Amino acid sequence: MKLHTKIIIGLLSGAFVGIVANAFATGPSKETAEPIVRWLGTNIAGPVGQIFLRMLLMTIVPLVFSSLTLGVAGLGDIRKIGRVGVRTIAYFLVSTAISATIGLILVNLVKPGAGLDAGIREQLMTTYRSQAQGLQAGGGGKFGVDLFVNIVPRNPIQAAASLDMLGIIFFSLVFGAALTLLPPDKTKPILRVLDALGEAVVKIIEFAMKLAPFGVFGLIFVVTSRFGFALLVPLGKYVSVVLLGLLLHAAISISALVRVLGGLSPRVFYGRIRASIITAFSTSSSNATLPTNITVAERELKIPPHIAGFVLPLGSTMCMNGTALFEGVTVLFLAQVYGVPLSLGTQIIVIILSVITAVGAAGVPGGSLPLLMGVIAIVGVDPAAIAIIIGVDRILDMSRTTLNVVGDMSAAVYVARTESDWDPRSVTAGDRLSVAA
Ligand code: ASP
């Protein structure tokens, strides 16, 4: 059986077993079932999932450093780097803004917050208040000029050690650009070392992907077995608006961008990036998906390594289509819940802030929540109101991360088409998948 089929089986069966376990843990024989389900999650499924996740995460620092440095150095001269950089970031911003706008239109049409019962609202606030306060204590609610200053790391080793992605990215970009200014005989040895480092990392990712069916099972089991499905009833409209928005953006806008700007059929595009989609969905982390994404871009879409190595690491932190949509919808939803009217002007500001905070959010599970609290506060709603949606956030996080990763990949397609000799016709639906195959 092919590995990607096994991964899909892992995903579906993990979800199914988790939902059944959840039904037992919240059902009539709750007293006996709940501790067993918790034990299984903590001692079996959780650790298996975490090992898979860590195998991916441990490659991030060497991968981002080697692929970005090589990507920048591979672009050659500094003017070209500037042009590709501007093109890449422009795509990130435009696609993210389109996504946030779709979310805002939907939330205005459906108004999911208008009918939320005040009793349920207070109950959710009480249940999740401490989690919301934890987010706030961890830096939520403030964002400003520091967000930009902090991109420049004081110390690249410290940035790497604390997995400060923007810091690592910034250092690697400057390092790669500096290499292009040195004579080739000086830089050749280091480029060869980085190349070998990158290849070794890809091997590690191959090992990790062998674990994926079990890891994905474990990660999904833990989520579904602990998820408050009961919350989906009162928050159903809100959850549906987010999911529908994500779906529309993927099916319409990203597909159009891939076809028009990338010259690639959306069907082929989505068919070949399955491994990235499943990894993003099960890990809820753009960072953890980056290694898979780079391998998929190079092998499945045949995107030149210097383009994939440049666009995707940047995208994993800076391009979050799904997150911006989620943020826009959530801010408006909470404003509706509290009856705070938001003018068109304020809504446009929400779109801009959603794009900016999506750029600044960390590509980790729940990475956008602290910054989202800042946006909520700006529109005049208590940031602690985020407590209302925390209980359903994981499902939304899995889904928005998937779109974040799909957005990154579409950016790579666009930049490859315009900045390299990549030919979209070289990618066909019929070829066997080689990542996770
Ligand atoms: N989990 C998301 C990601 O990694 C970030 C977020 O929206 O919380 O892409």
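The structure presented is a predicted model; accordingly, all values stated were derived computationally and were not measured. Numbering of ligands and ligand atoms starts at 1, following listing order.
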Next on the checklist: Classify the ring geometry of F175 against F65: parallel below 30°, tilted from 30° to 60°, perpendicular beyond 60°.
Outcome noted: tilted
Next on the checklist: Could you tell me if T357 and E327 have a donor-acceptor pair between their side chains, going purely by distance under 3.5 Å?
Outcome noted: yes
Next on the checklist: For P313, run the side chain to side chain contact (heavy atoms under 4.5 Å, CB included) check against N287, I294, L63 and tell me which one passes.
Outcome noted: I294
Next on the checklist: Ignoring hydrogens, what is the shortest heavy-atom contact between T224 and I19? Give both atom names and the distance.
Outcome noted: OG1-N, 3.8 Å
Under 3.5 Å: N or O atoms of ligand 1 paired with protein N or O:
{"residue": "ligand 1", "atom": "1 (N)", "partner": "S284", "partner atom": "O", "Å": "2.9"}
{"residue": "ligand 1", "atom": "1 (N)", "partner": "V364", "partner atom": "O", "Å": "3.0"}
{"residue": "ligand 1", "atom": "1 (N)", "partner": "D397", "partner atom": "OD1", "Å": "2.7"}
{"residue": "ligand 1", "atom": "1 (N)", "partner": "T401", "partner atom": "OG1", "Å": "3.1"}
{"residue": "ligand 1", "atom": "4 (O)", "partner": "S286", "partner atom": "N", "Å": "2.8"}
{"residue": "ligand 1", "atom": "4 (O)", "partner": "S286", "partner atom": "OG", "Å": "3.4"}
{"residue": "ligand 1", "atom": "4 (O)", "partner": "G363", "partner atom": "O", "Å": "3.3"}
{"residue": "ligand 1", "atom": "4 (O)", "partner": "V364", "partner atom": "N", "Å": "3.4"}
{"residue": "ligand 1", "atom": "7 (O)", "partner": "T323", "partner atom": "OG1", "Å": "2.6"}
{"residue": "ligand 1", "atom": "7 (O)", "partner": "S368", "partner atom": "OG", "Å": "2.8"}
{"residue": "ligand 1", "atom": "7 (O)", "partner": "R400", "partner atom": "NE", "Å": "2.7"}
{"residue": "ligand 1", "atom": "8 (O)", "partner": "G367", "partner atom": "N", "Å": "2.9"}
{"residue": "ligand 1", "atom": "8 (O)", "partner": "S368", "partner atom": "N", "Å": "3.0"}
{"residue": "ligand 1", "atom": "8 (O)", "partner": "S368", "partner atom": "OG", "Å": "3.0"}
{"residue": "ligand 1", "atom": "8 (O)", "partner": "R400", "partner atom": "NH2", "Å": "3.1"}
{"residue": "ligand 1", "atom": "9 (O)", "partner": "S286", "partner atom": "OG", "Å": "2.4"}
{"residue": "ligand 1", "atom": "9 (O)", "partner": "N404", "partner atom": "ND2", "Å": "2.8"}

Item to check | Polar side chain donor-acceptor pair, N321 to S95, under 3.5 angstrom | outcome: yes
Checklist entry - Does CZ belonging to F16 count more than 12 external heavy atoms closer than 6.0 Å? => result no
